[in-house]
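Working notes, beginning with the structure itself.
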Amino acid sequence: MNRFFLGLVFTFFPLLGFAQTQPAAKAATSGIEGTITISPVRGGPVRQGAATSQPLADTAFEVKHDGQVVASFQTDANGQFKVMLPPGHYTISRQQKATAIGSYGPFEADVSAGKLATVHWDCDSGLR
């Protein structure tokens with residue numbers, strides 16, 4: 001039994017040195033980051049001193065490249081987001097909701113290699 005085990009060890013151990021491993025995936029270094037706001041936040045006339053816009057919190061968006069959805073993201077409580085993408089031209093819109101009113105894109109963004117495109121987009125709530 002010991003001879004058999006030693007034979008296996010000496011046969012397969014050297015082969016491990018020849019095994020190739022996949023290189024680690026390169027971390028994405030490009031994409032889009034920014035803030036999305038919505039306005040107006042109240043219907044009717046604008047009140048002096050009252051905010052007319054606010055961050056669009058906790059809202060899901062989809063990212064399309066050549067008409068195909070390639071990524072999605074959700075804004076945080078402050079309307080901020082970050083999505084890592086390869087270089088290219090993208091169209092971003094709110095994920096479809098049957099009850100949504102207003103306009104939530106489409107927004108356009110160009111991503112360059114090794115850079116984060118910084119954007120600020122304002123959505124129309126549909127309130128008047």
Side-chain angles (χ1 to χ4, degrees):
M1 180 74 157
N2 285 342
R3 282 177 150 171
F4 178 72
F5 179 72
L6 287 174
L8 285 175
V9 169
F10 286 115
T11 301
F12 291 106
F13 185 72
L15 294 176
L16 292 176
F18 294 108
Q20 292 185 353
T21 59
Q22 291 282 20
K26 197 174 189 179
T29 58
S30 60
I32 307 168
E33 67 179 350
T35 306
I36 303 176
T37 56
I38 189 163
S39 65
V41 293
R42 291 178 194 78
V46 176
R47 297 181 190 135
Q48 189 174 21
T52 59
S53 69
Q54 66 185 29
L56 184 61
D58 305 316
T59 303
F61 284 81
E62 61 185 18
V63 181
K64 291 183 178 180
H65 178 68
D66 292 332
Q68 300 294 317
V69 176
V70 295
S72 62
F73 64 87
Q74 184 161 327
T75 58
D76 66 11
N78 298 314
Q80 297 176 338
F81 72 94
K82 183 176 184 178
V83 59
M84 304 309 288
L85 300 162
H89 181 78
Y90 297 92
T91 304
I92 297 89
S93 299
R94 182 178 182 183
Q95 288 183 350
Q96 296 297 331
K97 279 187 130 180
T99 60
I101 61 168
S103 176
Y104 300 84
F107 304 108
E108 305 284 322
D110 290 310
V111 175
S112 300
K115 295 183 180 179
L116 285 172
T118 302
V119 298
H120 174 82
W121 295 320
D122 190 40
C123 297
D124 182 353
S125 66
L127 294 175
R128 300 289 176 252

Point to revise | OG-CG distance between Ser39 and Asp122, expressed to the nearest 0.5 angstrom | key: 3.5 Å
Point to revise | Between NE2 on residue His65 and NE2 on residue His89, distance to nearest 0.5 Å | key: 9.5 Å
Study note, to complete from the structure: For Ser72 and Gln95, the nearest pair of non-hydrogen atoms, with its separation, is CB-NE2, 3.4 Å
Check your understanding: Are Ile92 and Val70 connected, step by step, through hydrophobic side chains (Ile, Leu, Val, Met, Phe, Trp, Tyr) whose heavy atoms are closer than 4.5 Å?
Key -> yes
Point to revise | Contact summary for Ala109 and Trp121, nearest pair of heavy atoms | key: CB-CZ2, 4.2 Å
**Study point:** Check: His120 side chain, Gly34 main-chain N or O, donor-acceptor pair, under 3.5 Å
**Key:** no
Check your understanding: Between Ser125 (side chain) and Leu127 (backbone), is there a donor-acceptor pair under 3.5 Å?
Key -> yes
Practice item. Taking atom types as modelled, find out whether Asn78 and Thr35 have a side-chain donor-acceptor pair closer than 3.5 angstrom. Key: no
Point to revise | Donor-acceptor contact present, side-chain Arg42 to main-chain Ala51, <3.5 Å | key: yes
Practice item. Search all heavy atoms of Ile38 against all heavy atoms of Pro55 and return the closest pair with its distance. Key: CG2-O, 4.5 Å
Point to revise | Atom pair CD (Gln80) and CD (Glu33), whose distance is rounded to the nearest 0.5 Å | key: 9.0 Å
Practice item. For residues Pro106 and Thr91, report the shortest heavy-atom separation together with the two atoms involved. Key: CB-CG2, 3.5 Å
Exercise for review: State yes or no: do Leu116 and Val119 share one hydrophobic cluster built from I, L, V, M, F, W and Y residues joined by side-chain heavy-atom distances below 4.5 Å, directly or via other members?
Suggested key: no
Check your understanding: If we only count heavy atoms from C-beta on, is the Ser93 to Lys64 side-chain gap below 4.5 Å?
Key -> no
**Study point:** Sequence-distant partners of Pro86, side chain to side chain contact (heavy atoms under 4.5 Å, CB included), two or more places apart
**Key:** Tyr90
Point to revise | Value rounded to 0.5 Å, distance of CG in Leu56 from OG1 in Thr37 | key: 8.0 Å
Practice item. Kindly say whether Thr59 contributes a backbone atom to a donor-acceptor pair with the side chain of Thr75 at under 3.5 angstrom? Key: yes
Practice item. Report yes if the side chains of Ser30 and Pro87 come closer than 4.5 Å at any heavy-atom pair, otherwise no. Key: yes
Study note, to complete from the structure: With sequence neighbours left out, the residues meeting ring-ring contact (aromatic ring centres under 6.0 Å, His included) with Phe73 are Phe61, Phe81
